[in-house]
Amino acid sequence: MRTLRRLICALGIAALGMFGATPLTAAAAGPVFFTQTRTVSTPSPNFSCRPYGDSFNVLATFSVEADYIQFFAGSTLIKEIRHVDFTGTLYRSDDLSKTIPYAGKFTRTFDPATNTITITGLSAYTHPDGSGMLAVDPGRTVVNPPTVISDTGPTRIEWQMAVCAALAAE
């Protein structure tokens, strides 16, 4: 009987060890964190003001820092979150002396399973004279590239129109 108890106890300990270790091996690895910084110092194409009645395009320079958080199941990306903060300058393409500053601070979440990108926060704003907000594009935008699924708050078009008007007045 004593041998049987030892055998049952040993089997119980082995089973407990085996099942106790299972959550540790089955659990997903922790998220991956990293930061990327990018600077564009040569005015580069951003958008056109032609649809809004102006004859110029908007060029931009900027510096952006993005903090990434990526979640994986094995080697498969299951979610990516980017906290993005940028500052820069917007230029008239026909006269680079006409500028306004701009900046943004937003979160971009990518869901590979649905191929959707959700952007929340203050995606772009401008302060032409440094005293107040000229244009803002806040809210929540959901896209399944290239299709916009939903966009709350002012649209990107309204922000572009305000930027074009400000640069035209410079």
Side-chain angles (χ1 to χ4, degrees), residues 17-49 57-93 96 98-164 166-167:
M18 191 170 64
F19 291 121
T22 300
L24 296 176
T25 26
V32 175
F33 297 90
F34 62 96
T35 299
Q36 283 187 341
T37 302
R38 181 174 176 219
T39 299
V40 172
S41 54
T42 301
S44 302
N46 195 299
F47 62 91
S48 176
C49 288
N57 293 324
V58 175
L59 307 178
T61 57
F62 59 88
S63 182
V64 62
E65 182 173 287
D67 294 316
Y68 287 69
I69 307 168
Q70 294 178 328
F71 300 88
F72 291 89
S75 62
T76 303
L77 179 68
I78 57 173
K79 185 177 188 177
E80 178 183 83
I81 301 169
R82 293 183 200 173
H83 298 290
V84 180
D85 192 353
F86 73 91
T87 58
T89 303
L90 299 172
Y91 302 80
R92 279 182 62 151
S93 60
L96 296 181
K98 298 186 187 281
T99 66
I100 57 173
Y102 81 125
K105 191 172 197 144
F106 60 91
T107 299
R108 177 192 187 272
T109 304
F110 174 55
D111 180 354
T114 60
N115 193 37
T116 55
I117 299 168
T118 303
I119 299 170
T120 57
L122 198 55
S123 67
Y125 59 93
T126 53
H127 293 272
D129 63 1
S131 65
M133 193 74 66
L134 160 75
V136 143
D137 186 13
R140 182 175 191 269
T141 304
V142 179
V143 295
N144 185 320
T147 306
V148 175
I149 297 170
S150 68
D151 193 357
T152 63
T155 66
R156 192 75 173 167
I157 291 170
E158 291 169 305
W159 179 78
Q160 290 176 352
M161 290 172 70
V163 167
C164 291
L167 286 171

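Worth saying up front: this structure is predicted, and the values here are computed from it rather than measured. Just the heavy atoms: all of them, side chains too, but no hydrogens, waters or symmetry mates, feed the values below.
Between the side chains of Asn144 and Thr116, no donor-acceptor pair is found at a separation under 3.5 Å.
Going from atom OG of Ser48 over to atom CD of Gln160 covers 9.0 Å, rounded to the nearest 0.5 Å. The distance from atom NZ of Lys98 to atom CG of Leu90, rounded to the nearest 0.5 Å, is 15.0 Å. To the nearest 0.5 Å, atoms NE2 (His83) and CD (Glu65) are separated by 12.0 Å. Once rounded to the nearest 0.5 Å, the distance linking CD1 of Ile69 with OG1 of Thr109 reads 9.0 Å. Between Phe86 atom CZ and Arg38 atom CZ the span is 12.5 Å, to the nearest 0.5 Å.
Side-chain contact check for Pro112 versus Ile78: every heavy-atom pair is 4.5 Å or farther apart. Residues Phe34 and Gln70 form a side-chain contact, since some pair of their non-hydrogen atoms from C-beta on lies under 4.5 Å apart. Here the side chains of Tyr68 and Thr35 are not in contact, with every heavy-atom distance at 4.5 Å or above. Residues Thr61 and Thr42 fail the side-chain proximity criterion, which asks for heavy atoms closer than 4.5 Å.
For residues 106-123, the pairs satisfying salt bridge (charged side-chain N to carboxylate O under 4.0 Å, His left out) are Glu80-Arg108, with sequence neighbours left out.
Between Tyr102 and Phe62, the distance separating the two ring centers is not shorter than 6.0 angstrom.
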